[in-house]
Amino acid sequence: MDNFTPLSSFSGGLLIGLAATLLLLFNGRIAGISGIMSGLISPSKGEILWRLVFLLGLVLGALLVKALIPESIKIREGFPYGLLTIGGFLVGFGTRMANGCTSGHAVCGIARRSKRSIAATLTFIVSGMLTVYLLRHIIGLSV
């Protein structure tokens, strides 16, 4: 992490919180990305448009930041694609098991004082820490 600044972290956190709050206030929906994606795979009537618009906003927001501040987003290279694919499936499987992802549980669930979301978020954090420790210090993988 070589482009960390307190201002960029604060700005990102503020925008995530603002987006989640606006979605909840104006649409009554939780901004959990895994739930939004899952709803697109098996859609209910009237549930597709807002999900597509939200996801489009995520992509356009990143493209806008990249266009305005080109050095803010660095494309990282050299990752082993096999491990990325396995990691992606494991994250997807984990979010289904936890009935939500970090954005849904940590950002929205904790803000709503959900005990289930607090437990899920703590599990995510501990699992992530153990995974990094295992990969870097036991297996010796550094990317």
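Just so you know, these numbers use all the heavy atoms, side chains as well, and skip hydrogens, waters and symmetry mates.
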>> The test is side chain to side chain contact (heavy atoms under 4.5 Å, CB included); show your working for Val59 and Leu55 and say whether it passes.
In response: CA-CA 6 Å; Val59 173; Leu55 292 174; 5.8 Å; no
> Is Leu135 reachable from Tyr133 through a run of I, L, V, M, F, W or Y residues, each pair having side-chain heavy atoms under 4.5 Å apart?
Replying inline: yes
>> Salt bridge or not between Glu47 and Arg29? Use side-chain N to carboxylate O under 4.0 Å.
In response: yes
>> Distance check, rounded to the nearest 0.5 Å: Ser103 atom OG versus Ile16 atom CD1?
In response: 8.5 Å
> Do you know the tightest heavy-atom contact between Ala31 and Cys108?
Replying inline: N-SG, 3.6 Å
> When rounded to the nearest 0.5 angstrom, what distance separates NE2 in His105 from CG in Leu122?
Replying inline: 12.0 Å
> Taking it one step at a time, do Leu83 and Phe79 satisfy side chain to side chain contact (heavy atoms under 4.5 Å, CB included)?
Replying inline: CA-CA 8 Å; Leu83 283 178; Phe79 287 104; over 6 Å; no
> Under a 4.5 Å side-chain heavy-atom rule over Ile, Leu, Val, Met, Phe, Trp and Tyr, are Val132 and Ile86 clustered together?
Replying inline: no
>> Tell me the closest heavy-atom pair linking Thr102 and Phe124, and the distance in Å.
In response: N-CE1, 3.8 Å
>> Distance check, rounded to the nearest 0.5 Å: Leu40 atom CG versus Ile36 atom CD1?
In response: 8.5 Å
>> Determine whether a donor-acceptor pair (N or O, by modelled atom type, separation under 3.5 Å) exists between the side chain of Ser42 and the backbone of Gly39.
In response: no
> Transitively linked via ILVMFWY side-chain contacts under 4.5 Å: Met37 with Val107?
Replying inline: no
>> Please check this pair: side chain of Thr95 against backbone of Gly100, looking for a donor-acceptor N/O pair closer than 3.5 Å.
In response: no
>> Would you compute the distance between atom OG1 of Thr131 and atom CZ of Arg136 and round it to the nearest 0.5 angstrom?
In response: 11.5 Å
> Is there a donor-acceptor contact under 3.5 Å from the side chain of Arg51 to the main chain of Gly35?
Replying inline: yes
> Given the rule that I, L, V, M, F, W and Y join up when any side-chain heavy atoms are under 4.5 Å apart, are Trp50 and Leu22 in one cluster?
Replying inline: no
>> Evaluate Ser34 against Arg96 for side-chain hydrogen bond (donor to acceptor under 3.5 Å, both in side chains), listing each step before the verdict.
In response: CA-CA 8 Å; Ser34 64; Arg96 293 303 296 171; over 6 Å; no
> Going only through I, L, V, M, F, W and Y residues with side-chain contacts under 4.5 Å, is there a path from Leu15 to Val65?
Replying inline: no
> What is the distance from atom CG of Asn99 to atom CZ of Arg116, rounded to the nearest 0.5 Å?
Replying inline: 5.0 Å
> What are the two closest heavy atoms between Gly32 and Cys101, and how far apart are they?
Replying inline: C-SG, 4.2 Å
> Roughly how far, to the nearest 0.5 Å, is the OG atom of Ser117 from the CD1 atom of Ile30?
Replying inline: 8.5 Å
> Under 3.5 Å, is there a donor-acceptor pair between the side chain of Ser8 and the main chain of Thr5?
Replying inline: yes
> Does any N or O in the side chain of Thr85 come within less than 3.5 Å of the main-chain N or O of Tyr81, such that one atom is a donor and the other an acceptor?
Replying inline: yes
